[in-house]
Number of protein chains: 2
Amino acid sequence: MHIGTKGDYGVRALIDLAMYGGEGPVQRTEIARRQHIPDSYLDHLLAQLRRDGFVRSTRGPGGGHQLTRPADEICLLHVLESLEGSLAPLPCLEDDESGEPHSVCAQQWVWREIYDDMRARLAAVSLADLAAREQERLRSAVASYSI
Amino acid sequence: MHIGTKGDYGVRALIDLAMYGGEGPVQRTEIARRQHIPDSYLDHLLAQLRRDGFVRSTRGPGGGHQLTRPADEICLLHVLESLEGSLAPLPCLEDDESGEPHSVCAQQWVWREIYDDMRARLAAVSLADLAAREQERLRSAVASYSI
DNA sequence: ATGATCCTGACTAACTTAGTCGTGAATTCG
DNA sequence: CGAATTCACGACTAAGTTAGTCAGGATCAT
């Protein structure tokens, strides 16, 4: 695995929707501005997230993007796998549906546990959790300004 | 992180040395043949492992490569970090000596635990452990042939 | 209709990966 | 010594990935 800007930006976009999406659709340009993401790139990330059913979009004036489910029902694991593809650190751990058994490699047994544990931890974190942390981070940043 | 052929081949080369290096130096071409690694590529990997003090090489006829320490004193973590560079899944977790504090990202707190856990597990596995597993794998492969 | 907004695919530059190849340097043996 | 053997090192390359940009089309509220 390796979380690049896709995973970083994409997750932040969803956190943004979790935080500001209460009052109807949020526009892409607004997310891009708030999260410092290139607008044209965010476009692609939202398209991917829509394909995988995390967001719903409406066009036309007043349109924008919304989460399809409550933020506490969306887990980080699924979001990252949507944005980045498989998170497997070794090709031989990839879970492909083709049924082809991947070749065994010398370190497989070590990484199997690490990978399973990683996925379990990521599955235990929801967008709501991330949004709460972000909220707290913003609060403390403002506090430190006002000192 | 992402373990590519560097990490796979390099570790297998060291396992090979752990298994067959008891009787003096092992030649690169011999490792390459046994482990199915392109000879000229293995060259680079051994160079890296030598730079980081995992193997010692001697030239000339009868020369080859040897582990610098007993196989149970070399852990997988250090070997992989030598071959692949930092295993951090996010740039913000990279431990650089420059002292520059990397930017914080939204998911950092989740990955911090995962990364620490991963490193601990990799540090707990030695080349001797890997060699023992490989020995067992070979044994059972031979056994299944003779049925 | 029109203007806001999302949607899609083509394109690109920089970087990484997985090597190959050629030459040089050290060591041993006859 | 000199030839054979083995490692040592750097230049080069092809393919794939990443991180975008850009142009044009589709959809919808008003």
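Throughout, protein chains are lettered first and strands after them, A, B, ... in sequence-line order, and every chain is numbered starting at 1.
Computed from coordinates, the A:L45 CG to D:dG20 C1' distance equals 10 Å when rounded to whole Å. Note: CZ (A:R51) to P (C:dC6) measures 16 Å, nearest angstrom. At whole-Å resolution of the value, NZ in B:K6 and C1' in C:dA18 are 8 Å apart. One atom, NE2 of B:H65, and another, C1' of D:dT5, lie 13 Å apart when rounded to the nearest Å. When rounded to the nearest whole Å, the span between CG of A:L49 and C1' of C:dC7 equals 14 Å. Separating the CZ atom of A:R12 from the P atom of D:dA19 is a distance of 13 Å, rounded to the nearest angstrom. Atom P of nucleotide D:dA8 and atom CZ of B:R50 are separated by 4 Å, given to the nearest angstrom. Straight-line distance from the CD atom of B:Q48 to the P atom of D:dG10: 12 Å, rounded to whole Å.
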| Derivation of the salt bridge (charged side-chain N to carboxylate O under 4.0 Å, His left out) call for B:D16 and B:R12 | CA-CA 6 Å; B:D16 197 273; B:R12 269 162 46 199; over 6 Å; no
| query | Does the pair B:Q108 and B:L93 meet the rule for a side chain to side chain contact (heavy atoms under 4.5 Å, CB included), with working shown? | reply | CA-CA 7 Å; B:Q108 201 185 29; B:L93 293 179; 3.9 Å; yes
| query | Do B:V11 and B:I3 pass the side chain to side chain contact (heavy atoms under 4.5 Å, CB included) test, and can you show the C-alpha distance, the side-chain angles, and the key distance before you say yes or no? | reply | CA-CA 11 Å; B:V11 168; B:I3 309 300; over 6 Å; no
| message | If you apply the rule side chain to side chain contact (heavy atoms under 4.5 Å, CB included), what do you find for A:I114 with B:D117, and how did you get there? | response | CA-CA 8 Å; A:I114 295 174; B:D117 193 80; 5.8 Å; no
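When heavy atoms are screened at a 4.0 angstrom cut-off, A:T58 is found touching the sugar-phosphate backbone but no base atom.
OP1 or OP2 of D:dA19 has not a single side-chain nitrogen or oxygen of A:Y9 nearer than 4.0 Å.
When distances are taken from the side chain of B:S57 to each of C:dT8, D:dA8, D:dT5, the shortest belongs to D:dA8.
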Which pairs, protein N/O on one side and nucleotides 20-25 of chain C N/O on the other, fall under 3.5 Å?
residue, atom, partner, partner atom, Å
C:dT20, OP2, B:S40, OG, 2.7
C:dT20, O4, B:H44, NE2, 2.7
C:dA25, N3, B:R59, NH1, 3.3

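At a threshold of 4.0 Å, the pair B:R133-B:E136 does not count as salt-bridged, since none of the basic side-chain nitrogens sits closer than that to a carboxylate oxygen.
Under the 3.5 Å distance criterion, the side-chain polar atoms of A:Q66 are left unmatched by any main-chain donor or acceptor of A:G21.
Defined by atom type and a distance below 3.5 Å, a donor-acceptor pair is present between the side-chain atoms of B:S126 and B:D129.
Both B:L46 and A:P61 sit near DNA chain D, but only B:L46 has its closest nucleotide nearer the 5' end. Closest-nucleotide positions on DNA chain C for A:R28 and B:T5 were compared, and the one nearer the 5' end corresponds to A:R28.
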